[in-house]
Amino acid sequence: SQQGEEDPQALSIQEGENATMNCSYKTSINNLQWYRQNSGRGLVHLILIRSNEREKHSGRLRVTLDTSKKSSSLLITASRAADTASYFCATMRETSGSRLTFGEGTQLTVNP
Amino acid sequence: DAGVIQSPRHEVTEMGQEVTLRCKPISGHDYLFWYRQTMMRGLELLIYFNNNVPIDDSGMPEDRFSAKMPNASFSTLKIQPSEPRDSAVYFCASRRTGFNYGYTFGSGTRLTVV
């Protein structure tokens, strides 16, 4: 079963707006990662946040992690049409060694 | 660095045929993963290797699937015999040792079994 569940499943916004995607998970984790997948392509690693971190930034990306609620959010600020893609959260559990378990993804559409 | 290289990009085969997917991980990455992606089941981990040794193959669907990693720069995923339900995109990914590293994915192999 999928460890991460993203919300919403699909999001459509206008260029320049902010996009927020959420992820919930079920078990204790070592870290949580976000990936982007453009249509027909492989996944690209965006950002990793460790279980002892609460917030992390990378360019226009901001990730938060709340281990008490077992949830994370990905914020993309000032979105661009090129940000249109599917976004996946993935968790590395404490008990699962090095394997990542992916959620079902959020399909983000940024309209020009 | 050329990234994770997978071949072929597309494969169309008839039911019952053997299919071999190939992957070259990034040099220096100790872990290699094979994932399958479908609309119905999302991304599923099939198997992963550490230092060329299979660590967890619990995601391999059945005996028709096998994977090898004969050396640090090459891995194969074989399906024999193939079935239409094996149609999916198969991704290979690699990463360094340590919990602070993300995966680098290949571009995938789109397999269609007719």
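Everything quoted here is computed from the prediction, not taken from an experiment. Computed from heavy atoms alone, side chains included, the values below leave out hydrogens, waters and symmetry copies.
For Asp63(B), the CG atom counts as loosely surrounded, since its 6.0 Å shell holds 12 or fewer non-hydrogen atoms of other residues, nucleotides or ligands. Crowding of Arg60(A) atom CZ: a count of heavy atoms from other residues, nucleotides or ligands under 6.0 Å exceeding 12. Around atom NZ of Lys68(B), no more than 12 heavy atoms belonging to other residues, nucleotides or ligands sit under 6.0 Å away. Summarising the local packing, CD of Glu83(B) is surrounded by more than 12 heavy atoms from other residues, nucleotides or ligands at distances under 6.0 Å. Counting heavy-atom neighbours within 6.0 Å of Glu14(B) CD, excluding the residue itself, gives a total of 12 or less.
At a heavy-atom separation below 4.5 angstrom, chain B is approached by Tyr35(A), Gln37(A), Gly40(A), Arg41(A), Gly42(A), Leu43(A), His45(A), Leu48(A) within residues 34-48 of chain A.
Within the 3.5 Å criterion, the main-chain N or O of Arg99(A) finds no donor-acceptor partner in the side chain of Tyr31(B).
Linking Ile, Leu, Val, Met, Phe, Trp and Tyr residues whenever their side-chain heavy atoms come within less than 4.5 Å places Tyr103(B) and Val89(B) in a single cluster. Follow the hydrophobic side-chain contacts under 4.5 Å out from Leu46(B) and you never reach Leu43(B); the two are in separate clusters. One hydrophobic cluster, built from ILVMFWY side chains closer than 4.5 Å, cannot hold both Leu75(A) and Phe88(A); they sit in different ones. Taking hydrophobic clusters as Ile, Leu, Val, Met, Phe, Trp and Tyr residues chained together by side-chain heavy-atom distances below 4.5 Å, Ile76(A) shares a cluster with Val110(A).
With rounding to the nearest 0.5 Å, the separation of CD in Gln33(A) from CZ in Arg95(B) is 8.0 Å. Once rounded to the nearest 0.5 Å, the distance linking CG of Asn31(A) with OH of Tyr101(B) reads 12.5 Å.
Proximity to chain A (any heavy atom under 4.5 Å) is shown, for Gln6(B), by neither the backbone nor the side chain. Within the 4.5 angstrom heavy-atom criterion, no atom of Thr109(B) approaches chain A. Looking at Phe91(B), the atoms closer than 4.5 Å to chain A (heavy atoms on both sides) all sit in the side chain, from C-beta outward. Using a 4.5 Å cut-off between heavy atoms, Asn50(B) makes no contact with chain A at all.
Between chain A and the residues Gly98(B), Gly102(B), Ala93(B), the most heavy-atom pairs under 4.5 angstrom are made by Gly102(B).
In this structure Pro81(B) satisfies the side-chain contact (heavy atoms from CB on, under 4.5 Å) test together with Arg64(B), sequence neighbours excluded.
Minimum interatomic distance between Leu100(A) and Tyr35(B) (heavy atoms only, all atoms of both residues): O-OH, 2.7 Å.
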